[in-house]
J.: 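Provided herewith is a single structure, encoded as structure tokens, for subsequent inquiry.
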There are 4 protein chains.
Amino acid sequence: MTSTRIKLAIEAGYLFQKKGYNGVGLSEILRKAGVPKGSLYHHFPNGKADLALAAADLASAEVLRIINASFDGAADYRDGVTTFCHKLAKYFDIHEGNVGCPVSATLLGGQDDDAFRDALDSIFTGWMAQIAAHAVRFGQSETQANHSARRLFLSLEGSWTLARARRDSDIMRALPDLVC
Amino acid sequence: MTSTRIKLAIEAGYLFQKKGYNGVGLSEILRKAGVPKGSLYHHFPNGKADLALAAADLASAEVLRIINASFDGAADYRDGVTTFCHKLAKYFDIHEGNVGCPVSATLLGGQDDDAFRDALDSIFTGWMAQIAAHAVRFGQSETQANHSARRLFLSLEGSWTLARARRDSDIMRALPDLVC
Amino acid sequence: MTSTRIKLAIEAGYLFQKKGYNGVGLSEILRKAGVPKGSLYHHFPNGKADLALAAADLASAEVLRIINASFDGAADYRDGVTTFCHKLAKYFDIHEGNVGCPVSATLLGGQDDDAFRDALDSIFTGWMAQIAAHAVRFGQSETQANHSARRLFLSLEGSWTLARARRDSDIMRALPDLVC
Amino acid sequence: MTSTRIKLAIEAGYLFQKKGYNGVGLSEILRKAGVPKGSLYHHFPNGKADLALAAADLASAEVLRIINASFDGAADYRDGVTTFCHKLAKYFDIHEGNVGCPVSATLLGGQDDDAFRDALDSIFTGWMAQIAAHAVRFGQSETQANHSARRLFLSLEGSWTLARARRDSDIMRALPDLVC
DNA sequence: AATGAATGAGTCTTCATTCAT
DNA sequence: CATGAATGAAGACTCATTCAT
């Protein structure tokens with residue numbers, strides 16, 4: 001049994017990723033999650049903004065999980081990158097080629113809120129730190145590793161955008177050649 | 001005397017870039033452009049969508065201009081990349097660190113429209129082609145040049161996002177070290 | 001205390017009857033009913049169309065009530081018809097000679113919607129069935145009764161139009177001589 | 001070569017008949033008639049209202065033409081009625097069962113204008129006079145003829161409405177049995 | 001803890017008309 | 001005569017939120 005709170009955050013995350021923060025109405029989220037109107041403000045006192053932050057947290061955790069799953073059994077750093085990119089490409093395809101980066105679509109989709117940008121910054125920093133840690137584990141120096149992580153992250157973020165414009169995830173699968 | 005049509009597209013472009021397609025209301029655009037409500041549909045019969053496409057075209061042309069201005073007087077490819085990234089960083093700073101890529105914020109900001117994605121794809125393709133042409137001019141092979149252009153483009157697109165989360169354009173200025 | 005829902009349907013019905021579906025704006029209905037804008041879509045999720053269907057149902061029930069009130073105490077069929085026509089004429093006069101048939105003005109006033117026409121058909125069929133039932137009660141055969149009901153209904157519907165053009169309900173009062 | 005004025009009146013008449021006066025925008029009429037926006041007020045200084053009156057006149061003339069064509073070669077009055085009703089039913093079918101009486105849909109479709117009701121009254125009076133004249137020609141007394149004409153007219157007007165609700169013109173073809 | 005009604009500012013768009021060229 | 005630009009009020013509808021139950 002999934003709690004109402006989590007059901008809401010999951011559904012919201014999926015919709016924000018597809019249509020952006022301002023492209024989704026609370027009524028749609030509520031309807032698709034099967035949650036009555038009045039319930040939302042019990043679980044998310046600050047309403048839509050709280051919901052977006054929760055959704056971004058959930059999505060971020062999932063990305064971290066994918067990062068670790070990709071690098072843990074890898075032969076070397078490049079092998080980890082390759083697995084990671086293919087996993088994301090597959091994820092993109094499952095969503096019919098019409099989703100953006102789950103956290104930036106949610107937290108930058110038209111909101112000027114400082115709290116959103118702070119949250120986004122720390123999420124991104126966390127991803128890069130995790131990638132860098134794996135790079136170190138595979139023998140890179142601290143400096144090299146940060147460099148590698150940043151290079152991968154930036155290209156990846158760019159790939160979400162280009163892949164969406166093209167409805168084609170190939171660009172993600174081509175990333176290892178570009179950044180390793 | 002700037003025509004009503006262009007006044008609207010410019011103002012719309014600026015606002016979309018800041019708040020995304022769904023984050024901006026027509027009333028705000030109209031008010032800031034000093035154009036009465038009924039006039040919009042004369043110049044843009046399909047309304048907001050037409051306006052967004054026009055705004056994206058304008059923004060794209062400006063980016064192409066910056067690309068050429070950066071590479072034309074450059075000593076070598078890397079020098080051109082450096083100038084380009086610094087120009088964009090400056091542009092970002094002028095807008096108070098709170099703007100996204102002008103075309104993707106406009107055309108992906110929460111719209112499912114196929115026409116938007118097609119337009120975005122061809123704009124991106126145009127940018128990469130231009131960059132690649134300069135790389136060829138500086139001695140790279142066709143293959144190398146496409147590789148370089150794609151690497152620059154993806155990282156750049158990612159930088160818009162990260163810079164915005166951090167309210168800091170340094171990441172853009174660091175790009176040459178990452179992609180050259 | 002009349003519920004918001006019913007207050008809306010009554011006011012809408014009155015206005016549609018006078019100006020037709022497309023001749024009435026929601027804002028006018030809301031204003032005259034003293035109901036705030038946002039409330040409407042609670043009670044009528046499909047908006048104006050739902051409101052029109054509800055208004056037509058209300059009006060239809062009222063007509064059925066008048067039919068029964070006219071025939072129940074009548075001496076014979078023709079006597080019932082006479083009372084019925086005079087009641088409608090009076091109703092027409094009260095509205096200053098400027099209303100159409102309450103259901104056709106509402107449901108045919110410029111709407112292409114299939115649901116509207118289906119609803120209208122079943123309302124009309126209900127009226128004719130009721131009139132025919134009374135005719136049978138007064139001794140007519142099933143066939144004769146259907147014939148009578150149809151003849152009365154069609155002329156009556158035509159009378160709404162002619163009376164309105166003439167601002168004069170006499171044509172309604174003359175109906176018994178025409179159809180009996 | 002049809003003049004702009006007539007082209008407009010014809011197209012307007014067709015649209016008003018289908019959607020009512022308030023259900024049709026000038027832009028649609030202009031577009032379908034292939035007439036530029038600014039031209040309308042040259043031919044119809046009072047705009048939409050003038051256009052509706054002209055359209056109703058055209059439609060009325062056509063109905064008179066049909067009346068005469070039906071009765072002129074008829075064997076007796078009832079034969080003329082039958083032909084007339086069948087012609088109208090055919091006309092209704094051609095328009096896909098979704099048109100109202102061409103003049104009342106145009107002039108009562110949600111307009112409170114006195115000029116409209118006066119025009120409508122005189123059009124209806126003209127139709128009845130014409131039918132009555134034919135009835136006299138076939139041997140009816142003046143009084144009988146007026147009675148017959150009124151009976152036919154009212155039922156016919158009612159038939160437009162019922163036929164539309166049912167998307168079925170059979171009711172029109174059944175009229176002779178009802179009114180003769 | 002949960003909920004459905006209420007709210008009014010907001011959304012994008014179309015309206016019939018006027019006017020300068 | 002002809003026309004495209006201009007106009008702002010009005011159109012139907014959705015928004016995120018509050019509140020009494």
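Chain naming here is simple, since letters A, B, ... match the order of the sequence lines and numbering starts at 1 in each. FYI, side chains are in, hydrogens and waters are out, and symmetry mates aren't considered; it's all heavy atoms of this structure.
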J.: Roughly how many Å is it from CG in L8(A) to P in dA16(F), rounded to a whole number?
T.: 14 Å
J.: Taking all non-hydrogen atoms of both residues into account, name the closest pair between A9(D) and L58(D) and its distance.
T.: CB-CD2, 3.9 Å
J.: Looking only at heavy atoms, which two atoms of I123(A) and S60(A) are closest? And how far apart?
T.: CG2-OG, 3.4 Å
J.: Please work out if L26(B) contacts a base, only the sugar-phosphate, or nothing of the nucleic acid, heavy-atom cut-off 4.0 Å.
T.: base
J.: Go through DNA chain E in 5' to 3' direction and return only the first and the last nucleotide with some atom under 4.0 Å of chain C's heavy atoms.
T.: dA5(E) to dA9(E)
J.: Go through the steps to decide whether N98(B) and R117(A) satisfy the test side chain to side chain contact (heavy atoms under 4.5 Å, CB included), and finish with yes or no.
T.: CA-CA 10 Å; N98(B) 196 17; R117(A) 295 163 82 188; 3.6 Å; yes
J.: Under the rule for side-chain contact (heavy atoms from CB on, under 4.5 Å), what residues qualify as partners of L53(D), not counting sequence neighbours?
T.: L107(D), F116(D), A119(D)
J.: Which part of the nucleic acid does V35(B) contact within heavy-atom distance under 4.0 Å: base, sugar-phosphate only, or nothing?
T.: nothing
J.: Please report the closest heavy-atom contact between T106(B) and A52(B), naming both atoms and the distance.
T.: CG2-O, 3.5 Å
J.: Cut-off 3.5 Å, no hydrogens considered: what does the side-chain donor-acceptor table look like for residues 25-40 of chain B, sequence neighbours left out?
T.:
residue, atom, partner, partner atom, Å
E28(B), OE1, K19(B), NZ, 3.2
E28(B), OE2, K19(B), NZ, 3.1
E28(B), OE2, K32(B), NZ, 2.9

J.: At their closest point, which heavy atom of S104(D) faces which heavy atom of T161(C), and how far apart are they?
T.: CB-CG2, 3.7 Å
J.: Whole-Å distance between dA16(F) P and Y21(A) OH?
T.: 8 Å
J.: Can you list, by residue number, the residues of residues 36-52 of chain A that have a non-hydrogen atom closer than 4.0 angstrom to DNA chain E?
T.: P36(A), G38(A), S39(A), H42(A), H43(A)
J.: Suppose we screen for side-chain contact (heavy atoms from CB on, under 4.5 Å). Which residues come up paired with D118(A), at least two apart in sequence or across chains?
T.: R167(B)
J.: Kindly determine whether W160(B) and V99(B) satisfy side chain to side chain contact (heavy atoms under 4.5 Å, CB included), including the steps that lead there.
T.: CA-CA 8 Å; W160(B) 280 111; V99(B) 288; 4.1 Å; yes
J.: How many Å lie between CG on D113(C) and C1' on dA12(F), as a whole number?
T.: 15 Å
J.: If I take atom NZ from residue K48(A) and atom OH from residue Y21(A), how far apart are they, to the nearest 0.5 angstrom?
T.: 5.0 Å
J.: Just the dot-bracket of DNA chain E, please: which string comes out with Watson-Crick or G-U pairs under 3.5 Å, [ ] for crossing, | for another strand?
T.: .||||||||||||||||||||
J.: Return the minimal non-hydrogen interatomic distance between A56(C) and V103(C), and the atom names on each side.
T.: O-CG1, 3.6 Å
